[in-house]
Amino acid sequence: MNLLNALIFLYACTGIISSLAYLPTIREQLRGKKSATISSYLLWTITGFVSFLYALIIIKDFLLTTINALSFALCAIILLLALILEREN
């Protein structure tokens with residue numbers, strides 16, 4: 001495996017690992033525990049959306065776009081769950 005292929009592989013791994021890191025927060029929220037700060041996730045969702053659009057429209061790289069889309073979607077899910085929990089309490 002050359003350096004370029006190794007870097008592509010490692011970047012894909014970081015996207016997967018980063019995405020897995022959201023799951024405990026989602027699980028806690030589904031159990032009714034407030035575990036996310038709305039203001040933080042609002043900012044992360046907005047910046048994630050901008051990053052996704054940049055990757056999709058400007059960079060046009062499938063791997064980068066996919067990782068940004070996944071990160072944006074998971075932040076948006078956490079934000080939505082946090083808003084629902086806030087409203088219920």
Side-chain angles (χ1 to χ4, degrees):
M1 178 180 288
N2 65 29
L3 182 59
L4 182 60
N5 287 338
L7 187 56
I8 291 169
F9 174 77
L10 290 172
Y11 183 71
C13 289
T14 62
I16 293 166
I17 292 166
S18 295
S19 297
L20 291 173
Y22 290 107
L23 297 180
T25 303
I26 292 172
R27 184 177 54 242
E28 287 178 358
Q29 287 183 303
L30 289 172
R31 292 179 178 164
K33 181 179 179 186
K34 287 185 178 181
S35 59
T37 306
I38 291 173
S39 59
S40 294
Y41 276 93
L42 177 62
L43 290 174
W44 288 330
T45 300
I46 292 168
T47 59
F49 182 64
V50 172
S51 296
F52 163 69
L53 289 178
Y54 186 81
L56 180 68
I57 297 167
I58 305 298
I59 303 296
K60 298 178 182 175
D61 178 79
F62 177 77
L63 183 58
L64 181 63
T65 301
T66 301
I67 289 171
N68 277 290
L70 188 56
S71 179
F72 161 67
L74 291 168
C75 278
I77 289 168
I78 291 171
L79 177 61
L80 180 63
L81 290 171
L83 290 169
I84 290 169
L85 283 173
E86 184 74 22
R87 188 174 187 166
E88 289 177 353
N89 293 325

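Residue indices begin at 1 and follow the sequence shown.
Ring orientation note: the planes of F52 and F72 are close to parallel, at an angle under 30° on the 30°/60° scale.
Here the side chain of T14 pairs a donor or acceptor atom with the backbone of Y11 at under 3.5 angstrom. Judged purely by atom type and a 3.5 angstrom limit, T45 uses its side chain to pair as donor or acceptor with the backbone of Y41. No donor-acceptor distance shorter than 3.5 angstrom exists from the side chain of Q29 to the backbone of L85, with no hydrogens or angles considered.
Counting only heavy atoms from C-beta outward, the side chains of Y22 and S71 approach each other to under 4.5 Å. Between I59 and T65 there is no side-chain heavy-atom pair separated by less than 4.5 Å.
Hydrophobic clustering (ILVMFWY, side-chain heavy atoms < 4.5 Å, transitive): L70 and V50 are in distinct clusters. Each of L53 and L79 belongs to its own hydrophobic cluster when Ile, Leu, Val, Met, Phe, Trp and Tyr are linked at side-chain heavy-atom distances under 4.5 angstrom. Placement of F9 and I67 in two distinct hydrophobic clusters is found when ILVMFWY residues are connected by side-chain heavy-atom separations under 4.5 Å, directly or transitively. Linking ILVMFWY side-chain heavy atoms closer than 4.5 Å, directly or via other members, places I58 and L64 in a single hydrophobic cluster. Residues Y54 and F49 share a single hydrophobic cluster, defined by chaining ILVMFWY side chains whose heavy atoms lie under 4.5 Å apart.
Under the side chain to side chain donor-acceptor pair (under 3.5 Å) criterion, T37 pairs with no residue at all, not counting sequence neighbours. Legend: residues meeting side chain to side chain donor-acceptor pair (under 3.5 Å) with T25, ordered by chain and number and at least two apart, are absent.
Taking all atoms of both residues into account, the shortest heavy-atom contact from I77 to I26 is CG2-CD1, 4.1 Å.
Heavy atoms of other residues, nucleotides or ligands lying less than 6.0 angstrom from NZ of K34 number more than 12.
Note that the CG atom of L43 and the CD1 atom of I38 stand 12.0 Å from one another [nearest 0.5 Å]. The distance from the CD1 atom of I78 to the CG atom of L42 is 13.5 Å, given to the nearest 0.5 Å.
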